[in-house]
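First comes the structure, then the notes that go with it.
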Amino acid sequence: MKVKHWLLMPVYLVNDKSNRELMDMTGQVEEAINQMKKKLAENNQVIEVNEDGFIYKATCTFNSPASDEQIHSFEQKTGLLLPDDYKEFLKITNGCRLFDNLESGGENDLYSLDDIINYTYEDSYEGCYKVACIYQDNIVIDGEAVAKGDKNYLMVKGHIDDFEEGEKLHMGFAEWIDQFISHQGEKFWDK
C-alpha cells in the first residue's frame with residue numbers, strides 16, 4: 001500500500017494572529033478534524049508523520065459524537081463549565097486518539113466526557129480538569145478562566161504534577177487542536 005506523505009496545513013496561519021482573532025472559533029475545530037479525516041480517507045486510514053526527521057505511519061481513531069444531552073448532563077453532574085469550542089469538539093468526536101504509530105501505538109489521547117471524570121483524580125483546583133494526555137503532558141481546561149469568559153483558558157501540566165503547577169498555554173481548545181494537528185501530534189508548546 002502506497003501512503004502519501006503529507007503535512008497538514010493549519011486551518012489558520014499560526015503567525016497571523018489578526019486572522020485568528022477575526023475568525024469565529026465555532027467551526028475551527030470542525031475544520032481541523034475534517035481535514036484530518038479527509039487525509040486519512042485519501043490514504044486508507046493511514047498517514048505518514050514526520051516527527052523530528054523520523055517518518056512513521058500513523059492512524060487516528062475517532063469516537064462517536066456526544067449529544068447535547070450528554071454534554072448538559074456532564075456539566076450538571078460535575079459542576080464543570082465546558083467552553084463552547086470544546087463542546088464543538090465533543091459533538092464531532094467524544095474523544096479520540098491522534099497520530100498513533102502503527103507499530104508502537106501512541107500517547108495522544110483526547111478525552112471523552114467519561115474519560116475526563118475517570119482521569120481527573122487530582123485534588124480540585126479552581127475547577128480545573130484534564131481533557132487530553134499527550135506524551136505524559138496533560139492538557140487542562142481552567143474552569144475558573146472559562147467562567148470569567150477568558151478565551152485563553154488552556155493549561156499544560158506534567159501527568160504527575162498538581163494543577164497549580166500547570167502553565168498557561170495562552171489559547172483555547174480550537175486554536176490548540178488546530179496547532180496540534182498542523183504539527184502532526186508534536187508537543188508544539190515545548191518548542
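As the structure is a computational prediction, the values presented were derived from the model and not from experiment. For reference, positions follow the sequence shown, starting with 1.
- With Q28 contributing its side chain and D178 its backbone, the two residues share no donor-acceptor pair below 3.5 Å.
- In this structure the side chain of L102 reaches within 4.5 angstrom of the side chain of V46, judged on heavy atoms.
- Between D100 and C60 the shortest side-chain heavy-atom distance does not fall below 4.5 Å.
- Taking the side-chain contact (heavy atoms from CB on, under 4.5 Å) definition, one finds that I33 meets it with V29, K37, F62, F89, I92, I177, I181, sequence neighbours left out.
- With sequence neighbours excluded, the residues satisfying side chain to side chain donor-acceptor pair (under 3.5 Å) with D109 are R97.
- K130 places none of its side-chain heavy atoms less than 4.5 Å from the side chain of I139.
- D162 places no side-chain N or O within 3.5 Å of a backbone atom of E164 that could act as its donor or acceptor partner.
- Considering only heavy atoms from C-beta on, Q35 stays 4.5 Å or farther from K39 through its side chain.
- H72 places no side-chain N or O within 3.5 Å of a backbone atom of D68 that could act as its donor or acceptor partner.
- Residues meeting the side chain to side chain donor-acceptor pair (under 3.5 Å) test with Y86, sequence neighbours left out: none.
- Interatomic distance, M36 CE to F99 CZ, rounded to the nearest 0.5 Å: 3.0 Å.
- Annotation: side chain of I116 is in contact with side chain of V131 (closest heavy-atom distance under 4.5 Å).
- At least one donor-acceptor pair closer than 3.5 Å links the side chain of N118 to the backbone N or O of D114.
- Across all non-hydrogen atoms, the minimal contact from A66 to L113 is CB-CD1, 4.1 Å.
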Problem set entry | Verdict with reasoning, L90 to F74, per side-chain contact (heavy atoms from CB on, under 4.5 Å) | CA-CA 12 Å; L90 294 169; F74 172 88; over 6 Å; no

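- Listed by chain and residue number, S67 satisfy the side chain to side chain donor-acceptor pair (under 3.5 Å) test with E69 (two or more places apart in sequence, or in another chain).
- More than 12 heavy atoms of other residues, nucleotides or ligands sit less than 6.0 Å from atom NZ of K187.
- Residues passing the side chain to side chain donor-acceptor pair (under 3.5 Å) test with S112 are D115, sequence neighbours excluded.
- Using a cutoff of 4.0 Å between basic side-chain nitrogens and carboxylate oxygens, D85 and K151 are not scored as salt-bridged.
- N108 contributes a side-chain N or O that, together with a main-chain N or O of L98, makes up a donor-acceptor pair within less than 3.5 Å.
- For the pair F173 and P83, the minimum side-chain heavy-atom distance is 4.5 Å or more.
- The two residues P65 and Q70 have their closest heavy-atom pair at O-OE1, 4.0 Å.
- Residues forming a side-chain contact (heavy atoms from CB on, under 4.5 Å) with Q136 (at least two apart in sequence, or on another chain): E107, H159.
- Between the side chain of N63 and the main chain of N94, a donor-acceptor pair closer than 3.5 Å is present.
- The aromatic rings of F188 and W176 sit tilted, their planes meeting at an angle between 30° and 60°.
- Salt-bridge annotation for K157 and D137: absent, with no side-chain N of the basic residue lying under 4.0 Å from a carboxylate O of the acidic one.
- Salt-bridge formation is detected for the pair D142/K168: a Lys NZ or Arg NE/NH1/NH2 atom is positioned less than 4.0 Å from an Asp or Glu carboxylate oxygen.
- Using modelled atom types, one finds no donor on one side chain facing an acceptor on the other under 3.5 Å when comparing N138 with Y129.
- Contact of the E103 side chain with the Y56 side chain is not registered, since no non-hydrogen atoms from C-beta on lie closer than 4.5 Å.
- Residues V156 and V140 form no side-chain contact, since every pair of their non-hydrogen atoms from C-beta on lies 4.5 Å or further apart.
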